Amino acid sequence: MEVIQHDVVVVGGGAAGIRAAIAAIEEDPNITVAMVSKVYPMRSHTVSAEGGAAAIARADDSLEMHGYDTVKGSDFLADQHVIEYFVEEAPKELTLLEHWGCPWSRNEDGSVATRAFGGMTTKRTWYAADKVGFHMLHSLFQHSMQFDRIVRYDERFVTRLLVDDGSVRGVVALDIRSGELQIILGRAVILATGGAGKCFPFTTNGNIKTGDGMALAYRAGVGLKDMEFVQYHPTGLPGTGILITEATRGEGGHLKNSEGERFLVQYDYGVGNKAELGPRDMISRAIIQEFEAGRGMEGPYGQFVHLDLTHLGEAKLMERLPFVLELARTYIGVDPVTQPIPIRPVVHYMMGGVDTNIDGATDLPGLYAAGEVACVGLNGANRLGSNSLTECLVFGARSGRCAVAYARGSSAGDEAALRRQAEEEGARIDALRGKQKGGEKLAQVRREMQDAMEDGCGVYREQASMDAACRTLAQLKGRYADLVLEDQSKVFNTELITALELGAMLDVAESVAVSAAQRQESRGAHTRKDFTTRDDQNWLHHTMCFFDPAGPRIDRKPVKLGHWEPEERKY
Ligand SMILES: Cc1cc2nc3c(=O)[nH]c(=O)nc-3n(C[C@H](O)[C@H](O)[C@H](O)COP(=O)(O)OP(=O)(O)OC[C@H]3O[C@@H](n4cnc5c(N)ncnc54)[C@H](O)[C@@H]3O)c2cc1C
């Protein structure tokens with residue numbers, strides 16, 4: 001087995017991974033950084049972000065306001081020192097990205113243009129038309145190319161962390177092209193593998209978002225934090241789940257039910273009425289309530305409501321939302337200039353993830369995580385739209401710097417022991433690829449997992465349905481052992497990759513369901529029909545979920561409060 005040696009190994013080539021790699025190399029230009037990605041970096045999910053990235057830019061805004069909106073959005077489950085650091089760094093990171101080539105949209109006077117986003121009290125979201133992720137990732141990727149000590153390993157699928165003497169020493173990666181395993185050693189490893197939306201049937205997430213990094217850390221003994229909090233985005237296309245960005249509402253779009261009513265006007269989120277500019281969890285719940293009241297419309301993929309942009313006019317749509325026009329025309333044959341777009345709530349983002357501190361460090365020495373795979377404590381029970389791209393930059397950069405500092409003081413580990421672990425991993429993968437007996441079909445197990453998640457851990461939850469999801473997932477994990485793969489070849493064996501991804505998703509899905517089933521309150525995205533209110537007395541703490549061969553083990557961790565007193569979340 002080939003052994004490759006670097007100082008820092010970054011797993012992931014999205015916004016968080018590339019930002020971490022650049023920060024690491026700038027921290028110490030003498031080290032080498034491996035950037036390992038299962039897809040070519042520009043195909044990472046970051047590329048599909050449309051709406052924008054948050055940071056204060058206007059005279060009527062302040063760090064205090066951005067911080068308050070974020071903590072309130074989180075339903076007070078965020079760690080406040082993390083928010084304070086985040087809002088301070090956010091404008092610096094977005095400005096730096098501009099210096100690296102990101103073409104932020106501009107106002108007439110040349111200042112940075114900002115748009116409204118749900119749950120933000122002022123226009124705070126920086127954008128580059130509605131192709132923000134594309135421009136951000138391009139700028140990061142191009143900037144990273146000037147560092148020849150960032151060495152890319154594209155189309156390498158990381159299957160395991162290598163741990164020796166209590167510290168992470170590297171990873172095992174499958175070279176997708178050849179089917180051979182490689183050992184990539186590093187004195188620190190940063191996971192930047194993104195989210196896990198594909199655990200659910202309807203999601204805005206790309207097919208590659210299968211929670212691999214969460215499963216890697218979980219299996220190595222690191223806790224997954226706040227996994228019960230799964231964000232639904234109110235406006236996905238039925239069927240594919242393709243996202244129609246929140247910027248459509250920021251620019252003045254309306255949601256309408258089967259009676260043609262702008263129904264959100266009826267839902268006040270506590271004080272006054274924000275209608276379409278309410279936060280995502282509340283709007284998603286309002287849509288489900290419309291469905292339940294018989295005011296949805298019926299289509300081949302279940303019920304939907306309309307997102308109406310027709311009153312905005314073609315010129316504005318062309319200037320501000322050209323990608324939305326393209327998506328609606330291409331994928332459902334609807335022209336938003338003249339027709340409303342059918343939409344439904346779809347899974348969008350995981351608030352939970354690998355438990356880290358503000359440095360991105362986990363409890364396993366040498367292991368760091370940043371971006372959507374991580375739970376640094378910024379988003380609590382509900383993330384505000386457009387905070388996530390900025391989070392990738394702010395905490396990608398910090399974890400890159402901190403990983404270098406750690407690596408400086410750590411040793412290389414026992415190569416023979418690491419090699420033995422990698423050989424074990426090789427045997428596991430050979431066994432999976434070689435399975436011709438057993439009767440379970442991959443697509444069938446995946447479909448049942450996704451249905452269990454939608455039924456048990458959807459927009460509204462209750463004890464019986466969450467418990468049922470936990471039971472189904474435990475059974476599906478058993479059935480996974482009986483998967484049969486039709487493709488035994490080594491070269492570009494995409495069936496094998498899909499099977500490895502399904503294994504990760506089953507672990508992640510189970511941690512979501514088990515974490516959800518034990519939290520007896522409603523907070524942010526975790527909305528229960530049987531416990532309808534927030535209960536700070538008993539539940540103002542993070543959920544921790546640990547791997548155990550007998551089934552997930554649940555624990556808790558205090559929330560770091562401070563500057564902002566918990567209060568009722570009203571909009
Ligand atoms: C459609 C859509 C629109 C969005 N719009 C916005 C928005 O407007 N504003 C906002 O703030 N947020 C938005 N989000 C959320 C935001 O885009 C993501 O949270 C963020 O981009 C995640 O970046 P990341 O670097 O953590 O992961 P990703 O960009 O998902 O990258 C993950 C990387 O990890 C690699 N990887 C994964 N598993 C493995 C493995 N096993 N081995 C090797 N490599 C692996 C992948 O190859 C990839 O390079 C949106 C999300 C979606 C889905």
Side-chain angles (χ1 to χ4, degrees), residues 9-20 34-55 90 115 117 125-128 130-134 136-137 140-141 152-161 171-176 184 190-198 203-216 231 233 235-237 240-247 250 280 323 327 346-351 353-354 369-374 379 383-393 395-396 497 500-501 503-504:
V9 179
V10 177
V11 186
I18 304 184
R19 185 68 190 91
M35 197 168 89
V36 190
S37 174
K38 68 178 175 180
V39 297
Y40 190 73
M42 277 307 300
R43 298 184 69 93
S44 303
H45 189 71
T46 297
V47 80
S48 61
E50 299 165 33
R115 61 167 48 129
F117 247 60
T125 299
W126 299 33
Y127 60 95
D130 55 0
K131 296 192 174 72
V132 182
F134 173 87
M136 288 180 66
L137 198 57
L140 286 163
F141 185 59
R152 284 211 338 262
Y153 297 90
D154 295 341
E155 299 190 326
R156 306 296 205 289
F157 189 102
V158 173
T159 68
R160 177 167 169 166
L161 298 174
V171 301
V172 178
L174 176 74
D175 181 344
I176 298 174
I184 307 180
I190 304 173
L191 294 172
T193 50
K198 277 287 158 184
T203 173
T204 62
N205 285 194
N207 281 338
I208 59 173
K209 296 197 74 171
T210 51
D212 307 355
M214 296 179 190
L216 288 171
Q231 179 163 81
H233 197 295
T235 59
L237 295 182
T240 57
I242 289 173
L243 175 77
I244 300 299
T245 172
E246 182 163 331
R280 291 176 178 176
F323 193 43
L327 289 173
V346 291
V347 164
H348 187 53
Y349 182 86
M350 306 292 291
M351 268 70 77
V354 178
E372 195 172 338
V373 67
N379 301 306
R383 167 182 74 99
L384 289 191
S386 77
N387 265 355
S388 156
L389 288 170
T390 314
E391 173 183 0
C392 288
L393 301 175
F395 293 100
I497 298 297
L500 290 165
E501 290 176 335

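Remember, it's 1-based here, ligands and their atoms both numbered in the order they're listed. Computed from a predicted model, the values in this text were never measured in an experiment.
Interface atoms of ligand 1 facing Leu243, defined by a heavy-atom separation under 4.0 Å, are 1 (C), 2 (C), 3 (C). The atoms of ligand 1 that sit less than 4.0 Å from any heavy atom of Arg156 are 42 (N), 43 (C). Taking every non-hydrogen atom of Val39 and a distance limit under 4.0 Å, the qualifying atoms of ligand 1 come out as 47 (O). Residue Asn205 approaches ligand 1 through these ligand atoms, each under 4.0 Å from one of its heavy atoms: 53 (C). Every atom of ligand 1 is numbered from 1 in the order shown, and the set under 4.0 Å from a heavy atom of Ala192 is 32 (C), 33 (C), 34 (O). In the vicinity of Glu50, heavy-atom distances shorter than 4.0 Å reach the ligand 1 atoms 5 (N), 8 (O). Set against the non-hydrogen atoms of Gly14, the atoms of ligand 1 under 4.0 Å away are 25 (O), 29 (O), 31 (O), 33 (C), 49 (O). For ligand 1, the atoms sitting less than 4.0 Å from at least one non-hydrogen atom of Gly13 are 33 (C), 48 (C), 49 (O), numbered in the order shown with element in parentheses.
The main-chain N or O of Gly206 is found under 3.5 Å from a side-chain atom of His45 such that the two form a donor-acceptor pair. Under the 3.5 Å distance criterion, the side-chain polar atoms of Thr390 are matched with a main-chain donor or acceptor of Ala54. Ser44 places no side-chain N or O within 3.5 Å of a backbone atom of Thr46 that could act as its donor or acceptor partner. Formation of a donor-acceptor pair under 3.5 Å by the Glu372 side chain with backbone atoms of Met350 is found in this model. Judged purely by atom type and a 3.5 angstrom limit, Trp126 uses its side chain to pair as donor or acceptor with the backbone of Ala55. When atom types are taken as modelled, the side chain of Arg156 and the backbone of Val172 share no donor-acceptor pair closer than 3.5 angstrom.
Residue-to-ligand polar distances place Ser388 within reach of ligand 1: an N/O pair is separated by less than 3.5 Å. Annotation: Gly195 places no N or O atom under 3.5 Å from an N or O atom of ligand 1; distance criterion only. The shortest N or O to N or O distance between Val158 and ligand 1 is below 3.5 Å. Residue contacts with ligand 1: Pro41 is placed with no nitrogen or oxygen under 3.5 Å of a nitrogen or oxygen of the ligand (distance criterion only). Considering backbone and side-chain N/O atoms, Asp212 comes within less than 3.5 Å of an N/O atom of ligand 1. Considering backbone and side-chain N/O atoms, Ala53 never comes within less than 3.5 Å of an N/O atom of ligand 1.
Every residue two or more places apart in sequence or in another chain that forms a side chain to side chain contact (heavy atoms under 4.5 Å, CB included) with Ala192 is listed here: Ala16. In this structure, the ring pair (Phe, Tyr, Trp, His ring centres under 6.0 Å) partners of Tyr153, at least two apart in sequence or on a different chain, are His6.
Looking only at heavy atoms of the protein, atom 8 (O) of ligand 1 is closest to Gly51 N, 2.8 Å. Atom 25 (O) of ligand 1 has its closest protein heavy atom at Ala16 N, 3.0 Å. Annotation: atom 6 (C) of ligand 1 to nearest protein heavy atom, Ala49 CB, 3.5 Å. Here the heavy atom of the protein found nearest to atom 27 (O) of ligand 1 is Gly194 CA, 3.3 Å. For atom 7 (C) of ligand 1, the closest non-hydrogen atom on the protein side is Gly52 O, 3.7 Å. Nearest to atom 46 (C) of ligand 1 among the protein's heavy atoms is Ser37 OG, 3.8 Å. Scanning the protein for heavy atoms near atom 48 (C) of ligand 1, the closest one is Ser44 OG, 3.3 Å. For atom 19 (O) of ligand 1, the closest heavy atom belonging to the protein is Glu372 OE1, 2.6 Å.
A salt bridge links Lys38 with Glu501: at least one charged nitrogen is closer than 4.0 Å to a carboxylate oxygen. Remark: Arg383 does not engage Glu391 in a salt bridge, criterion side-chain N to carboxylate O under 4.0 Å. Glu50 has no carboxylate O lying under 4.0 Å from a charged side-chain N of Lys131, or vice versa, which leaves the two without a salt bridge.
Checked options Thr235, Thr204, Asn205; the residue passing with His348 is Thr204 (criterion: side chain to side chain donor-acceptor pair (under 3.5 Å)). Put simply, the residue from Asp154, Leu140, Val47 that forms a side chain to side chain contact (heavy atoms under 4.5 Å, CB included) with Met42 is Val47.
Contacts of Lys131 with ligand 1, taken as heavy-atom pairs under 4.0 Å, are absent altogether. The proximity of Arg43 to ligand 1, defined as any non-hydrogen pair under 4.0 Å, does not occur for either the backbone or the side chain.
Among Leu500, Val132, Leu389, the residue whose heavy atom lies nearest to atom 11 (O) of ligand 1 is Leu389. When the heavy atoms of Lys38, His45, His348, Met35 are ranked by distance to atom 14 (N) of ligand 1, first place goes to His348. Of the listed options Leu140, Asn387, Thr46, Thr46 places a heavy atom closest to atom 29 (O) of ligand 1. Of the options Cys392, Gly371, Ala15, the smallest heavy-atom separation from atom 22 (C) of ligand 1 is shown by Cys392.
Residue Ala504 comes nearest to Thr210 through the heavy atom pair CB-O, 3.7 Å, listed as atom of the first residue, atom of the second, then distance.
Put simply, part of Ser386 is less than 4.0 Å from ligand 1, judged by heavy atoms. Ligand 1 has no atom lying under 4.0 Å from any heavy atom of Gly133.
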| request: Applying side-chain contact (heavy atoms from CB on, under 4.5 Å), run through Leu500 and Thr159 and close with a yes or a no. | output: CA-CA 8 Å; Leu500 290 165; Thr159 68; 4.1 Å; yes

| request: Report the C-alpha separation of Phe141 and Tyr40 in whole Å, then their side-chain angles, then the decisive distance to 0.1 Å, and conclude whether the side-chain contact (heavy atoms from CB on, under 4.5 Å) test is met. | output: CA-CA 11 Å; Phe141 185 59; Tyr40 190 73; 3.7 Å; yes

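No side-chain heavy atom of Glu155 sits under 4.5 Å from any side-chain heavy atom of Asp175.
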